[in-house]
2 protein chains.
Amino acid sequence: MTTAPGSTRDAIVSAALELFRERGFDGTTMRAVADRAGVSVGNAYYYFSSKDELVQGFYDQLVAEHRALALPELTGHADLADRLRIALNAWITAAEPYREFAGRFFAVAAQPGNPLSPFSPDSGPARAAAVDLYREVLSGARVDPDPELARELPELLWLQHLGIVLFWVHDTSADAARTRLLVDRTVPIVARLVRLSRLPVLRPLGRQVVDLVRLLKG
Amino acid sequence: MTTAPGSTRDAIVSAALELFRERGFDGTTMRAVADRAGVSVGNAYYYFSSKDELVQGFYDQLVAEHRALALPELTGHADLADRLRIALNAWITAAEPYREFAGRFFAVAAQPGNPLSPFSPDSGPARAAAVDLYREVLSGARVDPDPELARELPELLWLQHLGIVLFWVHDTSADAARTRLLVDRTVPIVARLVRLSRLPVLRPLGRQVVDLVRLLKG
DNA sequence: GTAGTGTTTTGAACACGTTCAAAAGCCGGG
DNA sequence: CCCGGCTTTTGAACGTGTTCAAAACACTAC
């Protein structure tokens with residue numbers, strides 16, 4: 001009666017994602033997940049060492065969806081502000097169905113040492129994918145920032161993304177309207193900063209920022 | 001056998017703070033808190049509707065300690081960078097004993113809708129006190145920023161403070177050395193930005209930032 | 001086939017946060 | 001003194017995430 005390899009694990013993940021969407025994170029019990037997956041509670045813990053760990057699957061999926069949504073929309077836009085706005089709004093759209101659940105998720109992820117933290121080694125691949133999206137946002141844009149700064153810019157834009165996400169998680173307005181407003185206000189600022197980064201007065205500032213990002217990276 | 005008014009409540013808070021420091025947040029059970037306070041579990045829940053709520057006391061205390069530590073050290077310094085560095089390092093010093101526990105605390109606080117969130121109404125007083133400290137950091141400094149910006153600057157500096165705290169919570173280096181390094185790198189950038197805010201090229205940028213902060217505030 | 005070995009699965013048991021109905025204490029008015 | 005209504009206190013009970021020893025299974029070697 002053995003099914004495909006890894007099928008137990010998969011069954012558990014899908015059951016969990018279904019239930020998370022249906023009843024939120026807190027409303028979903030491990031017993032319910034195990035039930036729907038057709039296994040015992042203990043078995044679920046054989047594959048995932050905690051309830052928190054079950055959501056890494058969600059995170060990976062979300063990053064992939066964001067990318068899939070954003071990339072096609074980017075073609076034909078060369079203005080950095082436009083491209084940024086597109087990427088950030090794509091996130092909001094992709095993440096919308098999970099808002100309640102995502103709140104809990106990001107709270108968990110904010111916990112230091114938690115493998116779900118965006119800064120943790122375990123999130124390495126997902127983080128790389130996210131940063132990479134912003135690399136593409138930049139490479140398709142008609143911009144010419146200070147070259148030193150340019151190298152760290154994808155990481156910086158991803159940090160901006162994290163900030164927006166943090167706001168979104170707390171945003172209870174309909175269809176995340178306030179977050180979209182925040183995006184509209186933030187994007188021109190960032191775009192202008194990037195453009196101004198070549199100005200002689202601002203060069204030392206750019207250097208300091210570059211140093212800072214390198215420190216943050218370890 | 002009644003003791004002073006409010007004494008039950010106080011006993012529970014102190015018991016909780018003691019235990020949090022001794023064994024961390026997760027290591028402290030409500031049963032243990034009740035035991036040490038000399039009351040029943042149910043009674044603890046009569047005063048505090050959840051375990052999370054018990055730490056608001058900690059938060060208030062920390063903000064007060066930070067203020068008490070920072071203010072005296074500020075006298076005699078007129079350079080904005082110096083003053084900022086002093087304020088931020090004072091935080092690190094004040095918070096150091098609670099690092100492990102604080103990690104959990106801020107994770108809880110990051111949860112949307114949680115009364116402990118720094119953006120929630122319940123944290124209003126503590127937030128106001130924190131913002132106020134940065135108002136004093138500014139008012140004692142020899143600076144002359146764009147006047148529009150000046151009005152929102154305390155809030156902005158507090159946001160910087162939150163960013164540093166977020167990093168600190170994840171920082172496992174001895175004596176928070178990496179966070180102190182981050183402070184050393186961040187402070188000159190912020191100070192320079194404030195100084196440059198009068199430059200004509202940067203005026204529109206300043207306006208955008210001011211708009212942004214006003215949006216964030218409501 | 002059977003014995004042995006590692007992997008997977010089970011479900012009862014545990015510890016915890018939280019709830020709740022009932023008890024105990026308190027206090028003003030008759 | 002005691003009645004009635006309040007605040008406070010109790011501890012057993014519930015539902016949850018998690019653990020664990022034991023069972024079931026899969027496979028290899030003989």
Side-chain angles (χ1 to χ4, degrees), chain A residues 1-20 22-58 100-101 103-105 107-109 111 113-116, chain B residues 1-20 22-58 100-101 103-105 107-109 111 113-116:
Chain A
M1 241 271 227
T2 319
T3 27
S7 88
T8 303
R9 198 191 164 86
D10 288 351
I12 295 169
V13 179
S14 348
L17 284 187
E18 274 175 38
L19 286 167
F20 285 159
E22 280 173 35
R23 321 184 191 166
F25 186 77
D26 288 334
T28 301
T29 72
M30 287 302 278
R31 285 164 181 81
V33 171
D35 264 15
R36 183 163 302 191
V39 300
S40 68
V41 213
N43 201 202
Y45 277 92
Y46 179 74
Y47 288 100
F48 300 91
S49 62
S50 73
K51 188 180 175 186
D52 288 350
E53 203 166 284
L54 272 176
V55 301
Q56 181 81 49
F58 157 76
E100 184 276 343
F101 159 42
R104 267 313 299 245
F105 169 66
V108 166
Q111 237 163 131
N114 191 291
L116 287 176
Chain B
M1 241 268 227
T2 318
T3 26
S7 89
T8 304
R9 199 191 164 86
D10 288 351
I12 295 170
V13 178
S14 351
L17 283 186
E18 274 175 38
L19 286 167
F20 286 158
E22 281 173 35
R23 321 183 191 168
F25 187 77
D26 288 334
T28 300
T29 72
M30 287 301 280
R31 286 165 179 82
V33 171
D35 264 16
R36 184 164 303 190
V39 301
S40 69
V41 213
N43 201 7
Y45 276 92
Y46 179 76
Y47 288 100
F48 301 91
S49 61
S50 72
K51 188 179 173 185
D52 288 350
E53 202 166 285
L54 271 176
V55 301
Q56 182 82 49
F58 157 75
E100 184 275 346
F101 160 43
R104 268 311 301 246
F105 169 67
V108 168
Q111 241 164 129
N114 191 291
L116 286 176

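Sequence lines set the chain letters: A, B, ... in the order given, protein chains first and strands last, and positions in each chain run from 1. The structure presented is a predicted model; accordingly, all values stated were derived computationally and were not measured.
- Distances shorter than 4.0 Å separate some side-chain N or O of A:Thr8 from OP1 or OP2 on C:dT9.
- By the side chain to side chain contact (heavy atoms under 4.5 Å, CB included) test, B:Ser14 is found to be paired with no residue, residues two or more places apart in sequence or in another chain being considered.
- In this entry the distance linking CD of A:Glu53 with C1' of D:dG17 reads 14 Å, nearest Å.
- Of the inter-residue distances, the one linking B:Asp10 atom CG with B:Tyr47 atom OH reads 10.0 Å to the nearest 0.5 angstrom.
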Output a table of donor-acceptor pairs, distance under 3.5 Å, between side-chain atoms of residues 33-41 of chain B and any protein atom two or more places apart or on a different chain; print 'none' if there are none.
unit_1, atom_1, unit_2, atom_2, d
B:Arg36, NH1, B:Glu18, OE1, 2.8
B:Arg36, NH1, B:Glu22, OE2, 2.9
B:Arg36, NH2, B:Glu22, OE1, 3.4
B:Ser40, OG, B:Asn43, N, 3.3

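- For B:Tyr47 and C:dT18, the OH to P distance is 18 Å, given to the nearest whole Å.
- Screening residues 40-51 of chain B for salt bridge (charged side-chain N to carboxylate O under 4.0 Å, His left out) gives no qualifying pairs among residues at least two apart or on separate chains.
- Geometrically, B:Arg9 engages B:Phe48 in a cation-pi contact defined by less than 6.0 Å to the ring centre and at most 45° from the axis.
- Residue B:Phe48 is out of contact with every strand shown, counting any heavy-atom pair closer than 4.0 Å.
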Report task. Dot-bracket notation for DNA chain D is requested: 5' to 3', Watson-Crick or G-U wobble pairs only, both distances under 3.5 Å, with ( ), [ ], | and . as defined. Result -> ||||||||||||||||||||||||||||||
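- Rounded to whole Å, atom C1' of D:dT9 lies 9 Å from atom OH of B:Tyr46.
- Here the CE atom belonging to B:Met30 is positioned 11.0 Å from the CG atom belonging to B:Leu19, to the nearest 0.5 angstrom.
- Residues forming a side chain to side chain contact (heavy atoms under 4.5 Å, CB included) with B:Ser49 (at least two apart in sequence, or on another chain): B:Glu53.
- Considering only heavy atoms from C-beta on, A:Val55 comes within 4.5 Å of A:Phe25 through its side chain.
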Can you check nucleotides 18-22 of chain D for protein contacts, nitrogen or oxygen pairs under 3.5 Å, and list what you find?
unit_1, atom_1, unit_2, atom_2, d
D:dT18, OP2, A:Tyr45, OH, 2.7
D:dT18, OP2, A:Lys51, N, 2.8
D:dT18, O5', A:Tyr45, OH, 3.3

